[in-house]
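Here's the structure, in structure tokens; my notes come after.
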Amino acid sequence: MATSPAAAAAAASSSVLMGGHGLIRPASLSPKDDAFNRRRRVVGPLQSRHFPRVRIPVARSQAKSQGIISPTRKNNSSLQQSNSFLGERGGEASFPEQYSCVSCSPNRRTRRSKRFTPGAFLDKSNFSLSRRISPSTDAGKTVHIPRASVGPNEPHAASTACPDGIVERQDLDSSGSGIEELPGFLNLELPRHPKLYRGQLKNGLRYLILPNKVPPNRFEAHMEVHAGSIDEEDDEQGIAHMIEHVAFLGSKKREKLLGTGARSNAYTDFHHTVFHIHSPTSTKDADGDLLPSVLDALNEITFHPKFLSSRVEKERRAILSELQMMNTIEYRVDCQLLQHLHSENKLSKRFPIGLEEQIKKWDADKIRKFHERWYFPANATLYIVGDIDNIPKTILQIEAGLENETAPSPPNAFGAMASFLVPKLSVGLPGSPSHEKPSSSIEQSKIMKKRHALRPPVQHNWSLPGSSADTKPPQIFQHELLPNFSIHMFCKVIIAAFCLSEDSRFIRVFSRIDHSTLCWQPPCCFEFDVPVNKVRTYGDLRLVLMKRIFLSALHFRINGRYKSSNPPFTSVELEHSDSGREGCTVTTLTVTAEPRNWQNAIKVAVQEVRRLKEFGVTKGELTRYMDALLKDSEHMAAMIDNISSVDNLEVIMENDALGHTVMDQIQGHESLLAIAGTVTLEEVNSVGAEVLEFISDFGKPTAPSPAAIVACVPKQVHVDGLGETEFKISSDEITAAIRSGLEEPIEAEPELEVPTELISSSQLEELKSERRPSFIPLRPDVNATKLHDEETGITQRLLSNEIAVNYKISESESRGGVMRLIVGGGRAVESADAKGAVVVGVRTLSEGGRVGNFSREQVELFCVNHLINCSLESTEEFICMEFRFTLRDNGMRAAFELLHMVLEHSVWLDDAFDRARQLYLSYYRSIPKSLERATAHKLITAMLNGDERFVEPSPLSLKNLTLETVRDAVMNQFVGGNMEVSIVGDFSEEEIESCIIDYLGTVKKRSSDREQDVSPVIFRPSPTDLQFQQVFLKDTDERACAYIAGPAPNRWGLTVDGNDLLESIGNTSVTHGHQQFFGRTLAFENFLSEWQAFTVLRDGSNHAITAAHPTSYWICSLQFDCFKMLKNYSRFKWPNAPPKSDEQLLQGNVMQNQMHGKLRSHQLFIQVTMSLLAEIINSRLFTTVRDSLGLTYDVSFELSLFDRLKLGWYVITVTSPPGKVYKAVDACKSVLRGLHSNKIAQRELDRAKRTILMRHEGEIKSNAYWLGLLAHLQASSVPGKDISCIKELTSLYEAATIEDIYIAYEQLKIDEDSLYSCIGVAGTQAGEDVSASLEEENIDDGYPGVIPVGRGLSTMTRPTT
């Protein structure tokens, strides 16, 4: 029900409550994954946030990828208005009942969160009408598919059966103190997590418990069943996924949890199915804690689902819709890669989503039989992580709720050999010594099924030396929807192999780690492989560390050297990773390029791999990357008490799946320190060279042969002067390109001088003497130069050069900090003769990467040394620079130095401009190859009357740009009074103010000759034939999507018509039998009808009464004549014996009324009510369009609310089979317009409040979240933002009433003349008559291969399934 895309600590993580930004997402994305997406990732001892991937004993990265080799734009969507106020998609809903599944994601290795790489000028620029794909996006790269708000990427793998009833608390082992001999030390076991409790019930169910206080009063409960698509027979392909849907959504006990503030979801993969619930520990209305109820729900979902025919049919429709939704070109590329990589086993043909023809056939009995075969306690593991103090009580609750589940016993598929080869592990978890009693009885074994010895249970063909004769030729996947060239070289690394000796008496064990061979005589013999290197000793960890250092050198060499020129490739990535879901270790070289450059791209990549393999890393590189890894590890250890439960749970599940010892962050750092001093340059180069042999020695008998080489290429490419031409490529040409890289001469890498500082102390003193920086009064009417708010801890300052500064001291992330520069303007200030200038200019600055006299490579390595990540982006309203840094070793001062140099000494290069322009040109030309992007582009162009500031710059616009034009467009926004810097981190007041004065105060004050000229945004006058459009895209497979959009106000209540909605929102008054009720006048009879639930109280006067509503707490004063009517009104009952005195009840209601009155008059009224409305509409869309009507798998409502621009819009995104998409659009419109006929219930509003406030509670300790809250506090262009927007945020949401939501609802234009929709359909019959090339088309009219269809052509034959 969702994959895990990365959360984005390095990107603009922001306020959940104040966000309001919606987007049209790729169809593969669910609106319910936002909490998961924004989470910061936890880093294991070697899962640095800053380095390329070597995933072995790893956890999740703390930040999302901002790779320098392949700069990526922010996750954009076609109607996204991205982080202007807080960078938050506040309009996104995250309802517990919204179910989104990730089962269709075939290649989760590439879906893992990438580490963001330290470096400067990583471009994350946005388009309103661009999906979350980089201009350089490789079609072979996967699109993040949501997996729900919680849930790991590569969760737990089953092990051998274990004795029952044992609970073990893992205590800290010896960390190898008193080391005398290296070999003995390296064989010592790593310490184990001291707070992790493990146990097993008598029925075989294993459980893990980890107390964790973040977030407080909440916990995660994940039930993992060790059965997935790999366990399906030929006629069951997709049945595990079907069970996941039916079991989860058919559970009544899960539904009962929805009112408690719990969230739940599920997902299926090759090797397992996981059901998970994120819950409060208790609620005000519940007796006792909620864990028993959560366990009861998981028990029903997992072991006692009701396979009702009605539910099966509902989920069958949903899955068929999901299947088509997922069938993007990115998904098809993933399938191709896995099919070739694992051609020898079932992984190549057991993708979790299943086969359409089989999904249509199964009945409830067929599904039930698979469930009975695999869903039993001994084949499941329960994980509980959260704010749980009483471990014995928790264990008793687990036993009471789950121990009575039993199942009949089938034969063990692996027999005694499995038990012999895989050691029995303590309570079923890898790496733990056994301290448990034997199984209780023979009778016990009779009722317990056995789980698989290994997950997934498949055999692999390993890449072994001497097997080059068996190397398969490169495979080519060619498709019309692929925009770029990519090639993937895979090597399946064998760690150890077990095989029967020739005399059938001994087992021979070959280890690839040290090439040793051991023999022993087992009770029986069985050919067996150990697919991954389990990290359990200091020697194992040391090996991983050396690989990380080695591959980091390759990453930064390519980035530094080739980004300083015009490289032939778009990106080069080398990844060495263990995959629990695939059961093997794979090394992958991925090269992406423009099709015309593919041969040179391969050649250069192979050359660099050879250079590193032949000459190794330098001494300076070893020192540099070792220090960086240790600093990063130290930073994570310091944050041990601030890591969320779900992040810790992911660490446990992933490491357990791979068989690694689970350590906490402090243990991981101490272990790294213990081995760091033992690492030598010679060993690093020896270990690293072995990883690269399959590339550097390609074709040699001594080299491992690639497991697969797969090229993904387009069918047609654009050639200047010729237009679209056929792209031809052969396997022999690919092999020749690889060999050409092997033949080029190479030289050793020279040592590079890396600057320790960008501004010397003498230069700094000279600047301070010249410019005399100081703080000045914040406002003309206030003499104070410093405003500090005690409640929030926020300090506001203003420098003499008019740069505004906000900062907050926070200890949540120990010795870490974040900083964001926001510059007002963005793409909105682009002129008609310089369309695209800002976004191309920002990309140019990113591509160049130089400041002052320092080269890009020097700047990048300066960031590596100080653990700095810097990203740069442009949105419709702002240009933003964001820094993440550590305060260790002057990291904060280094970040400020870099910001100062960017503001003062940016270098604009012609070749960087050429690359930026080419990237956007390629991106534009790829629009017709994406159904979602083409459809969304058509919609936003129509709605905004062709305004190019909200879409990708066209080829004509790009052609008209010059380096001077884009430089001026960007730098003219960096003027005094238009820049605001916000900083959050674990620093002292003295430290931060010193940096502010030294590096921001010394920036030269710039003034603009004129105010920013922003052309008004205009919605196309309606009615118009363009309000309903269609896009037809020719494709081998059928798919469909649709977008529905319309105008909305901006965050502050301003509309495109110039109205200020806040001025028109007044209070309620009742006089002489009529009620002025929120802008509506009601007769007194109607007033009583709507408000009959009031409690009526005397207020001590004979002339008036006060009516207080028990839920909305609104107070109405009624005149005496109304009082007489009320007293005689038969339906209105006076309270005979109120529980509280009149005065007490009135006082409480008055307080609530005061808060509600504050909401009505508060500048965030529109933001608050719109966010709640979005949650409610999302819930209704899911319930109606998805669940009841079965017209879609994924539907969402989202808001884009701008800050500076006087407009906003809403968007409904729906994916559906072509035969249902038109009905789905009509159903979405009906839900959107049905809030008057089907009134909002109080329970809906309460649930929406809980959802939003729960997110806020979960994020409030994040530095990046606070960075979003601080944004625009002093921005003159956003006058509505002040400190009250932060201080009163929670109470404003709590005070909102149903009537408030209807006020917001009335501001959405949903009538037929205001609403725009566009339906996109892809299939073999679509677009056959389109032959116009890109040169022949009118830029403003459309795209080649995409047919614009207005009302007049709505009778065109529609594709059907």
Side-chain angles (χ1 to χ4, degrees), residues 1-4 28 100-111 142 145 147-148 151-158 223-248 265-275 302 305 315-316 318-320 322-323 325-327 331-332 334-362 366-375 379-380 413 451-452 454-460 531 579-584 657 1193:
M1 292 184 231
T3 47
S4 73
S28 57
S100 59
C101 158
V102 243
S103 312
C104 21
S105 169
N107 190 357
R108 278 243 215 97
R109 183 191 298 108
T110 56
R111 266 178 190 70
T142 59
I145 301 168
R147 179 196 287 158
N153 254 352
E154 298 174 358
H156 181 76
M223 180 70 80
E224 178 188 26
V225 180
H226 304 293
S229 61
I230 201 68
D231 302 297
E232 299 164 349
E233 299 300 330
D234 290 341
D235 63 342
E236 297 175 329
Q237 295 184 53
I239 204 166
H241 177 217
M242 173 70 85
I243 287 175
E244 172 220 314
H245 274 248
V246 174
F248 181 84
N265 221 317
Y267 57 92
T268 305
D269 204 343
F270 288 127
H271 61 310
H272 67 181
T273 302
V274 179
F275 305 99
T302 310
E315 297 315 309
R316 192 194 313 276
I319 290 170
L320 291 174
E322 179 186 2
L323 189 151
M325 178 193 78
M326 296 306 305
N327 195 29
Y331 175 82
R332 284 177 251 179
D334 274 355
C335 291
Q336 289 290 321
L337 298 181
L338 285 174
Q339 285 171 357
H340 293 296
L341 175 59
H342 299 299
S343 59
E344 72 275 17
N345 61 52
K346 289 170 67 175
L347 289 170
S348 63
K349 45 187 174 288
R350 285 295 186 273
F351 303 129
I353 191 65
L355 298 179
E356 181 177 0
E357 61 270 20
Q358 293 191 19
I359 296 169
K360 292 179 178 179
K361 295 178 181 178
W362 302 319
K366 178 75 171 179
I367 298 169
R368 187 181 292 108
K369 288 178 182 178
F370 185 89
H371 181 272
E372 291 172 351
R373 197 159 76 236
W374 295 110
Y375 281 63
N379 198 39
R451 72 182 77 207
H452 280 309
L454 286 181
R455 299 293 303 162
V458 297
Q459 294 292 315
H460 295 279
S579 172
R581 67 192 295 262
E582 296 165 75
C584 59
Y1193 167 74

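Note: hydrogens, waters and symmetry copies are ignored here, and every other heavy atom, side chains too, is used. Residues take their numbers from the sequence shown, with the count starting at 1. Bear in mind the structure is a predicted one, so any value in this text is a computation, not a measurement.
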Rounded to the nearest 0.5 Å, what's the gap from [atom1] on [X] to [atom2] on [Y]? Could you check?
X      : Y      : atom1 : atom2 : answer
Asp231 : Lys346 : CG    : NZ    : 6.5 Å
Ile359 : Met242 : CD1   : CE    : 6.5 Å
Ile243 : Ile239 : CD1   : CD1   : 5.5 Å
Phe351 : Leu338 : CZ    : CG    : 5.0 Å
Lys349 : Ile230 : NZ    : CD1   : 8.5 Å
Met325 : Asn327 : CE    : CG    : 11.0 Å

Practice prompt. May I ask you to test the Tyr331-Ile353 pair for a side-chain heavy-atom distance under 4.5 Å?
Written response: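 When only atoms from C-beta onward are counted, Ile353 and Tyr331 do touch, with a gap below 4.5 Å.
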Worksheet entry | 4.5 Å side-chain heavy-atom contact, Glu582 and Leu341 |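 With C-beta onward as the side chain, the pair touches.
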Item to complete: Please identify each residue that fulfils salt bridge (Lys or Arg N to Asp or Glu O under 4.0 Å) with Arg316, with sequence neighbours left out.
Response: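 Arg316 satisfies salt bridge (Lys or Arg N to Asp or Glu O under 4.0 Å) with Glu313 only.
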Practice prompt. Identify, with sequence neighbours excluded, every residue that meets salt bridge (Lys or Arg N to Asp or Glu O under 4.0 Å) alongside Glu236.
Written response: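 In terms of salt bridge (Lys or Arg N to Asp or Glu O under 4.0 Å), with neighbours along the sequence ignored, Glu236 is linked to Arg373.
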Worksheet item: For the residue pair Glu232 and Ala240, what are the closest heavy atoms and their distance?
Response: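 Shortest heavy-atom contact: OE2-N, 3.0 Å.
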Item to complete: Can you see which heavy atom on Gly580 is nearest to which on Pro456, and at what distance?
Response: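 Heavy atoms of Gly580 and Pro456 come nearest at O-CD, 3.5 Å.
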Worksheet entry | Lys360: side-chain contact (heavy atoms from CB on, under 4.5 Å) partners, not counting sequence neighbours |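 Per chain and number, Lys360 pairs via side-chain contact (heavy atoms from CB on, under 4.5 Å) with Leu320, Glu356.
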Worksheet item: By side-chain contact (heavy atoms from CB on, under 4.5 Å), which residues pair with Gln358, not counting sequence neighbours?
Response: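 Once residues adjacent in sequence are excluded, the partners of Gln358 under the side-chain contact (heavy atoms from CB on, under 4.5 Å) criterion are Gln237, Leu355, Trp362.
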Practice prompt. If the plane angle is over 60° it's perpendicular, under 30° parallel, otherwise tilted; pick one for Phe248 and Phe275.
Written response: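 Parallel, since the angle between the ring planes stays under 30°.
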Worksheet item: Using 30° and 60° as the class limits, which term best fits the ring planes of His371 and Tyr375: parallel, tilted or perpendicular?
Response: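 Geometry flag for Tyr375 against His371: parallel rings.
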Worksheet entry | Worked check of side-chain contact (heavy atoms from CB on, under 4.5 Å) between Tyr267 and His272 | CA-CA 9 Å; Tyr267 57 92; His272 67 181; 3.8 Å; yes
Using atom types as modelled and distance alone, determine if a side-chain donor or acceptor of [X] lies under 3.5 Å from a backbone N or O of [Y].
X      : Y      : result
Asn345 : His460 : no
Ser229 : Arg350 : yes
Arg581 : His271 : no

Fill in: By side chain to side chain donor-acceptor pair (under 3.5 Å) - contacts of Gln339 (at least two apart)
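Per chain and number, Gln339 pairs via side chain to side chain donor-acceptor pair (under 3.5 Å) with no residue.
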Discussion item. Can you list everything that forms a side chain to side chain donor-acceptor pair (under 3.5 Å) with Lys366? Sequence neighbours excluded, please.
Written reply: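 Lys366 satisfies side chain to side chain donor-acceptor pair (under 3.5 Å) with Asp235 once adjacent residues are dropped.
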Worksheet entry | Distance-only polar pair, side chains of Glu244 and Thr273, donor-acceptor under 3.5 Å |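 No.
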